[in-house]
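Notes follow once the structure below has been shown.
Note that ligands are numbered from 1 as they come in the structure, with each ligand's atoms numbered from 1 the same way.
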Amino acid sequence: MASRQGQAAQTAPAIGFRDSDHAAAIGAKPARGEPAQKRRDAQRCRRAGQFARRLSTGRAQSSQKSHGKPPMTTLVFVECRPSVGLAPESLAAIAAAGAFQQPIHAVIVGHHLAALSQQTANLAGVERVYCLDDAEYATPLAEPIAELLTELAGDYSHLVAAATRFGKNVMPRVAARLDVEPVAGVSHIVNHNTFERPVYAGRAVETVQSEQKKQVITLAISAATPPMQASQPAEIVALPSPQTAHRALSRLLSPSSPVNTAATASATPSLTAAKVVVAGGGAFQHPDEFERYLTPLASALQAGLGASRPAVAQGCCGSECLVGQTGHSIAPDLYIAVGISGAYQHLAGIQAAKTVIAINSDAQAPIFANADYGLVMDMTAALPAINQQLISKSLQDNPINNN
Ligand SMILES: Cc1cc2nc3c(=O)[nH]c(=O)nc-3n(C[C@H](O)[C@H](O)[C@H](O)COP(=O)(O)OP(=O)(O)OC[C@H]3O[C@@H](n4cnc5c(N)ncnc54)[C@H](O)[C@@H]3O)c2cc1C
């Protein structure tokens, strides 16, 4: 892959956005969380933990055909989800891609896309929407979509997708086909070829300067404001379906897991897009406990479900719920951690959470040093009481359902 210069100019120190300098609040008192304080923490972390590397040029010229587009245009892959529509993470990616200050073309793939492609065309900054609407793509697979994006890549300077499970499956394949090194998990776009992303479990921020001929990027900017509505809708270009034999071959050669439509089609918001996330940890020994105590809380708050590694290992939920270094990095307004100790590998995934509430029976659990509010209590007592309160409030607010 690319040769690197200026790598790791400074060793990353063990500094996080939430650290033990700030005592935990045990009880309903905010320990910290002033926006200004957070900004200071973030700046301090960046100053102390920032280092840089450069991805060099010297790539073989791509054999991709030009599609006659201006040289500096961004191509964004937009995910569609059954019963959700356009993935909120993709909308955030379009908004964030505006930082390149160049036209954005979007690619949308799936089935029955008339409304969704129109919705994409109405987003500010989007000047063209490529739409591949085919029953074969109702459950999209990474390989054919990577192939499609590679064929479209032409003169696009930036190829972007949200750093979702699926986006992270597609974009490295695109990068490999284009013979460039992908820049994964970008949290901030500095300029057209300079990006920031968290490294060392979120303890440092790496600045990557890429001088490659194309930037293939996954954006982990779930907190970005969704794009505005455009005054004029973009043009929609229908893409012809690739030949069936070609698709079948692509599946046969390297089949990847189909998108977990069971999870994405559920009524709960997806973990990376949810404003509120309720997460369970090692305290949950069995899936039944998760179902009994945590799922009602998530439903009552219309929250996404998250988990630490032990909860995933116990089969309480799928790995798509994992939060942390090897799972998702999320930025909800509210994160409720139940029976989670606060290991740094887990905390790496919630650096950008605005408010953290921890429920843990151990007052010494490290999670309290990283929480804005804490409740020292056994979850088997705390959660039913909280759920009962939420249900009562819901019944009061909606008396018509009270029968
Ligand atoms: C390379 C690497 C990568 C990793 N990546 C991740 C990652 O991405 N995400 C991740 O989560 N982990 C990750 N881990 C694992 C991580 O190190 C921790 O082991 C894990 O986060 C611990 O999860 P936990 O706190 O939920 O469980 P535990 O450590 O088992 O803690 C359970 C907590 O629940 C509390 N508790 C127990 N019973 C109750 C009760 N009845 N009521 C209330 N509280 C109770 C306990 O006091 C304790 O604090 C990684 C580890 C490695 C080595």
Side-chain angles (χ1 to χ4, degrees), residues 12 14 16-20 23-28 31 163-165 168 184-185 187 197-204 218 220 222 270-272 274 277-298 303-332 335-353 356-388:
F17 287 9
R18 298 170 184 276
D19 58 41
S20 54
I26 310 295
T164 58
R165 206 173 156 83
K168 288 191 276 190
S187 56
R197 61 181 176 187
V199 289
Y200 295 116
R203 292 176 173 215
T218 54
S222 52
S270 83
L271 175 64
T272 47
V277 171
V278 172
F284 293 85
Q285 299 288 321
H286 196 274
D288 289 349
E289 290 181 345
F290 214 75
E291 191 65 34
R292 183 169 164 203
Y293 294 112
L294 209 66
T295 310
L297 181 61
L305 263 182
S308 69
R309 186 189 263 188
V312 172
Q314 293 290 353
C316 293
C317 52
S319 60
E320 70 278 1
C321 295
L322 181 64
V323 174
Q325 181 182 338
T326 43
H328 291 288
S329 290
I330 55 175
Y335 185 74
I336 305 178
V338 183
I340 293 177
S341 63
Y344 75 87
Q345 292 96 343
H346 184 81
L347 298 177
I350 57 168
Q351 299 288 335
V356 174
I357 298 178
I359 301 174
N360 198 302
S361 54
D362 177 7
Q364 303 304 318
I367 188 78
F368 287 126
N370 297 274
D372 300 281
Y373 299 89
L375 177 62
V376 182
M377 198 168 175
D378 192 304
M379 64 160 193
T380 57
L383 291 186
I386 293 169
N387 291 338
Q388 190 54 49

Item to check | Distance filter under 4.0 Å to Gly327 heavy atoms, resulting ligand 1 atoms | outcome: 8 (O)
Checklist entry - If you measure every N/O of Ala365 against every N/O of ligand 1, is any gap under 3.5 Å? => result no
Checklist entry - Between Val323 and ligand 1, does any nitrogen or oxygen pair lie at a separation below 3.5 Å? => result yes
Checklist outcome for this item: Only one of Thr164, Leu322, Val277 passes side chain to side chain contact (heavy atoms under 4.5 Å, CB included) with Leu271, and that residue is Val277
Item to check | Atoms of ligand 1 close to Gln325 [distance to a heavy atom under 4.0 angstrom, numbered from 1] | outcome: 7 (C), 8 (O)
Next on the checklist: Judged on heavy-atom distance to atom 2 (C) of ligand 1, which of Arg309, Glu289, His346, Met377 sits nearest?
Outcome noted: Arg309
Item to check | Thr380 N/O under 3.5 Å from ligand 1 N/O | outcome: no
Checklist entry - Is the shortest N/O to N/O distance between Leu322 and ligand 1 below 3.5 Å? => result no
Please list every donor-acceptor pair under 3.5 Å in which a side-chain atom of residues 290-297 meets a protein atom from a residue at least two apart or in another chain.
| residue | atom | partner | partner atom | Å |
| --- | --- | --- | --- | --- |
| Thr295 | OG1 | Phe290 | O | 3.3 |

Item to check | Nearest non-hydrogen partners of Gln325 and Ala348, listed with the distance | outcome: N-CB, 4.1 Å
Item to check | Proximal candidate to atom 44 (N) of ligand 1 [heavy atom criterion; set Gly306, Ser361, Ala382, Pro366] | outcome: Ser361
Checklist entry - If every non-hydrogen atom of Ser341 is compared with every non-hydrogen atom of Pro366, which pair is closest and at what distance? => result O-CD, 3.1 Å
Checklist entry - Do any nitrogen or oxygen atoms of Ala307 come within less than 3.5 Å of a nitrogen or oxygen of ligand 1? => result no
Item to check | Shortest protein contact, atom 38 (N) of ligand 1 (heavy atom only) | outcome: Ala283 CB, 3.5 Å
